[in-house]
> 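Just passing along the structure, written as structure tokens.
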Amino acid sequence: MEMLRGKNILVTGGTRGIGKNIVECLSAAGAYVSFTYTQSEHEARKMEQTLENVKSYRLALNAEHVDQQLEEIAKEHRTLHGLVNNAGITNDGLMLLQSEANWMKVIDINLIGSYKVTKAFIPALLKQKEKASIVFMSSVAGCVGVAGQTNYSVAKSGLIAMAKSLSKELAPKRIRVNSVSPGYIESDMTDKLHPTLRETYKKNIPLQRFGQPEEVANVVQFLLSEQASYITGQNIIIDGGLIS
Ligand code: NAD
């Protein structure tokens, strides 16, 4: 079913993992999808050739000229029906032992990066007549906190708060804002985990497996679509029952 036929949607961090699955899912649902990438130009070009109606932009959220680049991308998108702030990183370590620069990098890319992207598009969203939906990629770390991930947990809980607050600011303009909080999802990010640790984590998940990126993409697609027309200010947890 083409739930998003003709809709213009921008996804950050679209060439791998969850972001790539979101781009594929939205393209299959009939949307025109713009996505950003940092270094994987080859993958971005491949996706442009193999998927319907997708276009890529090189954009590093912590680059010096990011505001200017975002302004240029926003100018090309007079009407935007959906924005998915997916790009993010981890940089783990105990707070006491981590340098401030290492700690802050995670805040800069996950939280400040998503803020900058969203802010760049708000003027266009306010001008257009059509409705829009914004989704922030949070994490269960932002809901419950994780040892060794104070930076990541702070950034991700900040995104939940950003979605809730912004949903109240933008609701009168018919713009919905939500966040999703995945648990352990198969991706480059979780591939880094030691096999023994993976098994321990799996035992704690009621559904007894890591999630697939498609299982996150499906929820994002739903939130962007008219099927979710009365949902705003929510954080949807996608974690196989881990923190329920
Ligand atoms: P991933 O590492 O495969 O993908 C991260 C994406 O972010 C990539 O596309 C990368 O290019 C982009 N990115 C990284 N640094 C960037 C920068 N400086 N500027 C712009 N883009 C940058 O990881 P993933 O698992 O696909 O993660 C996607 C999102 O989902 C992230 O926000 C992550 O925090 C979140 N998440 C992942 C999991 C999981 O288990 N994999 C769980 C909860 C939340």
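We count ligands from 1, going down the list as the structure has it; atoms in each ligand are counted the same way.
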> Look at R198 together with E186 and state whether they make a salt bridge at an N to O cut-off of under 4.0 Å.
yes
> May I ask you to say whether E199 pairs ionically with K202, meaning some side-chain N is under 4.0 Å from a carboxylate O?
yes
> Show me, by chain and number, every protein residue that has a heavy-atom distance under 4.0 Å to ligand 1.
G13, R16, G17, I18, T38, L59, A60, L61, N62, N86, A87, G88, I89, I109, M137, S138, S139, Y152, K156, P182, G183, Y184, I185, S187, D188, M189, T190
> How far does CD1 of I134 sit from OG of S179, to the nearest 0.5 angstrom?
12.0 Å
> Quick one, S181 and I160 - any side-chain contact, counting heavy atoms below 4.5 Å?
yes
> Is E41 paired with R45 through a side-chain N to carboxylate O contact shorter than 4.0 Å?
yes
> Is it the case that one hydrophobic cluster holds both L166 and V84, taking links as side-chain heavy atoms less than 4.5 Å apart, direct or via other members?
no
